[in-house]
Amino acid sequence: MSDAPFMTEVTQPILIKDGALFLATCPNGGIPSGSDAGVGLFHRDTRFLSRYELTLGGREPLVLMSSAARGSEAAHDLTNDRIVQTDGKLMEPQCFALRLDRRVAGESLCLADRITIRNFALEPIRFELALTIDALFEDIFELRGAEAKARGPLRAVETQDNGLTFRYLGADEVERCLTVVLDRAAQIAARGSARQIAFDLEIGQQQTEALEIRFFVVEVDAPARAKPPIPAVYDGVSVTSNNVLFERLLDRSFKDLRMLLTELEEPFIAGGLPWFVAPFGRDSLIAALQSLPFDPRPAEGVLRLFARHQGKKIVAETGEEPGKMPHELRVGAMANLGEVPHRPSYLSIDATPLFLILVGRHAQWSGSDDLFDELRTSIDAALAWMAARSAADENGYLTYDRQNEDGVIHQGWKDSMTGVPRADGSPSQGPVALSEVQGYVWQAQRLMADAFRRAGEDGAAADLETSAAALREWFNRDFWMEAEGCFALGLEAGGRQLAVVGSNAGQVLWSGIADDDKARRTAERMMRPDMNGGWGIRTLSAEAAAYNPLNYHLGSVWPFDNALIAAGMKRHGLTENAISVFDTMIDVSEHFAMGRLPEFFIGFDREPGLFPARCPFAEPLQAWSAGAAPYLLTELLGLRVGPSGPMMESPILPTGVDRLEIRGLTVGDRRFVCRVTRDAGGIVSGTVTSADRDCA
């Protein structure tokens, strides 16, 4: 995801989400005043709850524990600091326990808080519990650093007997409201635009008091969009094994993928929290691809959604072109007003071939071409766009260039301003042909050729196969760096190599475009210490002039990137390398909250007794990181669809996993169970059976 032009630091918040409604808070459950660090209650690219500050006797509570492991629910265990009671008596710290239980409900657009206090003092206690809240209705791009050119007025806060309502009429003529409902009487006082809600509590010795507060989000006159029901995706999917850490990683991955499912005309996997709860080209497509064997519905949803918003005309500002697939779709005020280009934007070079790859993989895994047939018009348009753009390049490659002075510079997955450097560290000059993107194009052509041939269109299939064969020949000639023993990062203007060793070359292995001898040498190059510092394969070699392990794309480590590279290694028979990468990702998961793989982390060398370093700008929850471990598992097992269901081709297992069972593999409307073991001699074997037969 791009760090330009809108980027700000992401704290490590407590995240809960259901449907399109999500909450991000500090560990104490609070949302500090004036915070732009991605905390708040959000819906459809707007922060509805901008401030939530809880005090006990005028002091902030002390944090004991915070957890959001349940996805749509969070729990915060808090206690009191030294405070003055209502009667003037001093209360020592930790006299009572406060549990803040929270739940977001996307269907009713409600955040429900339940505060339970138990008095452990030897006498009754009396104190004020106060909650200061505010709703400023900021667009998410404002929080990320963009300036809103037009803002509507905040309306007067309405106070009712059982709560209050904040109202805002946006410049896009959508009225947005936050209604707060209390379960008891309270004193409500103005604090600027905020309101303080105060409860005078008296609790007997060893007694418990509870109160509930609910926050309802409302949009009036928002642009009409169908709101499909959210399916219970990955329902019944589980992975059990003899390795607790491995099992924890897979369990967390499926919970996070389920949590990221969002509705907008079609259900899709959102890019990530907190900044990218939106359809996001490559991220949403790759996450759906990663989890395809466990549930096809996220893939079907995102494909239909993107086909609906496929480019129809040429618009330089948004990057729209006929047949091109969208990159990012937003529905907040700034998008509605055209103040940001994400309505949608089409500023990615890879979303279109990845769309076609997902269509082809869906057909392979489901054993059905029904979705291919349904989306045929969009597929033809996407292929035509890809062919026209490639033909426009003097070397026949799919390239991008900056489309206007203020536009995005780079349009591959390394889309930061500095993400695609030359060997001397200076910026590359467009048009740029990225190595991994040519691999995506080749794989898309091959998959679509197979689909056309199944449809009886041998001529169209042959044309695609001819194009793919030519692209492969040119690519292995023009992108290969003999001295480095791997593929170049890309080609810039004039067909000059960007002679830099980066993880893009590793992704080439995944696509299959590489000649086998070059694939083997590239895999070996990815495993050298300058690329693999021990915590995974870096985005850029430590020997490169532009190397910076703290940077977004110049030396950090991305789990999704490592997953594709490892899958490519397995594809070319480099099993030890593939296992090593998966082993490392399992190790990494141990050092991040809840066993969750982050979007990316700092690419420092691994040292005994030390942990991988968190990057403050990484998304705490990111779709293709959540899908990385499930994808690695299916690829290492060689899971494919055969005549009677899933089958395994040359299965291998991570180190320390000698026995596993996967339930919930899905082909069409049938479920399967996969069991795999490693015997005393190290031989891995397994069976795949129908879930119905397994139960019988």
Side-chain angles (χ1 to χ4, degrees), residues 350 395 397-399 410 412-414 419-425 428 432-443 471-492 495-549 551 553-558 560-582 584 603 605 635:
D350 47 15
N395 299 303
Y397 296 119
L398 186 61
T399 66
H410 294 298
W413 84 264
K414 293 181 179 177
V420 185
R422 293 171 171 157
D424 63 3
S428 53
V432 173
L434 294 170
S435 58
E436 81 279 8
V437 170
Q438 313 319 309
Y440 299 167
V441 172
W442 181 86
Q443 187 177 157
L471 176 60
R472 181 171 186 164
E473 180 182 350
W474 303 337
F475 176 84
N476 281 275
R477 177 194 66 204
D478 296 342
F479 282 77
W480 182 248
M481 301 187 296
E482 179 61 30
E484 290 287 0
C486 77
F487 294 98
L489 176 62
L491 305 181
E492 63 173 336
R496 298 185 300 272
Q497 278 191 356
L498 297 171
V500 180
V501 177
S503 63
N504 307 60
Q507 285 199 27
V508 168
L509 310 183
W510 172 73
S511 68
I513 194 174
D515 291 341
D516 196 56
D517 62 325
K518 293 182 173 67
R520 287 181 173 275
R521 292 180 65 188
T522 298
E524 187 275 330
R525 188 67 187 81
M526 294 297 103
M527 299 302 288
R528 288 189 202 170
D530 64 305
M531 280 299 292
N532 187 345
W535 287 122
I537 297 169
R538 297 183 174 108
T539 47
L540 195 68
S541 165
E543 297 173 354
Y547 172 67
N548 179 352
N551 184 274
H553 295 131
L554 299 180
S556 56
V557 178
W558 291 62
F560 104 92
D561 193 26
N562 277 254
L564 293 185
I565 294 169
M569 291 171 170
K570 171 64 161 54
R571 176 180 188 142
H572 290 277
L574 305 167
T575 57
E576 290 185 8
N577 290 339
I579 290 170
S580 176
V581 174
F582 198 175
T584 300
D605 286 339
E635 289 300 298

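- Not counting sequence neighbours, the partners of A523 by the side chain to side chain contact (heavy atoms under 4.5 Å, CB included) test are L509, M569, L574, N577.
- Between the OG1 atom of T522 and the CE atom of M481 there is a distance of 8.5 Å, given to the nearest 0.5 Å.
- Contacts of F560 classified as ring-ring contact (aromatic ring centres under 6.0 Å, His included), with partners at least two apart in sequence or in another chain: W413, W624.
- To the nearest 0.5 Å, atom CE of residue M526 and atom CD1 of residue I537 are 7.0 Å apart.
- Qualifying salt bridge (charged side-chain N to carboxylate O under 4.0 Å, His left out) partners for E436, counting only residues two or more places apart in sequence or in other chains: none.
- Counting only distance, with no hydrogens or angles, the side chain of S556 and the backbone of G603 share no donor-acceptor pair below 3.5 Å.
- Residues that satisfy the side chain to side chain donor-acceptor pair (under 3.5 Å) test with E543, not counting sequence neighbours, are absent from this structure.
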Given R538 and D605, is the salt bridge (Lys or Arg N to Asp or Glu O under 4.0 Å) satisfied, shown in steps? CA-CA 10 Å; R538 297 183 174 108; D605 286 339; 2.4 Å; yes
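- Closest non-hydrogen pair, V508 versus A514, comes out as CG1-CB, 3.8 Å.
- With hydrogens and angles ignored, the 3.5 Å screen pairs a side-chain donor or acceptor of S428 with a backbone N or O of V420.
- Here D515 contributes atom CG and R521 contributes atom CZ; the two are 12.0 Å apart, rounded to the nearest 0.5 Å.
- Partners of W442 according to the ring-ring contact (aromatic ring centres under 6.0 Å, His included) rule, which considers only residues two or more places apart in sequence or in another chain, do not exist here.
- Of the possible donor and acceptor atoms, one in the side chain of S435 sits under 3.5 Å from a partner among the backbone N and O of A488.
- Taking the side chain to side chain donor-acceptor pair (under 3.5 Å) definition, one finds that K414 meets it with S503, N504, sequence neighbours left out.
- The salt bridge (charged side-chain N to carboxylate O under 4.0 Å, His left out) test applied to E492 returns R422, R496, not counting sequence neighbours.
- When every heavy atom of A499 is checked against every heavy atom of A423, the shortest pair comes out as O-CB, 3.6 Å.
- Listed by chain and number, the residues in a side chain to side chain donor-acceptor pair (under 3.5 Å) with D478 are Y397 (sequence neighbours excluded).
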Does Q443 form a side-chain contact (heavy atoms from CB on, under 4.5 Å) with Y440? I'd like the steps, not just the answer. CA-CA 5 Å; Q443 187 177 157; Y440 299 167; 5.7 Å; no
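- Checked against salt bridge (charged side-chain N to carboxylate O under 4.0 Å, His left out), D516 has the following partners two or more places apart in sequence or in another chain: R520.
- The main-chain N or O of T399 is never found under 3.5 Å from a side-chain atom of Q438 such that the two would form a donor-acceptor pair.
- The salt bridge (charged side-chain N to carboxylate O under 4.0 Å, His left out) contacts involving residues 561-579 comprise nothing, where partners must be two or more places apart or lie in separate chains.
- Here E473 pairs with nothing under the salt bridge (charged side-chain N to carboxylate O under 4.0 Å, His left out) rule; sequence neighbours left out.
- A search for side chain to side chain donor-acceptor pair (under 3.5 Å) contacts involving D530 returns R525, S541, not counting sequence neighbours.
- Atom CD1 in I579 sits 10.5 Å away from atom CZ in F582 (nearest 0.5 Å).
- L434 and F479 make their closest contact through C-CE2, 4.1 Å (heavy atoms, listed as atom of the first residue, atom of the second, distance).
- Residue N476 holds its CG atom at 8.0 Å from CG of D517, rounded to the nearest 0.5 Å.
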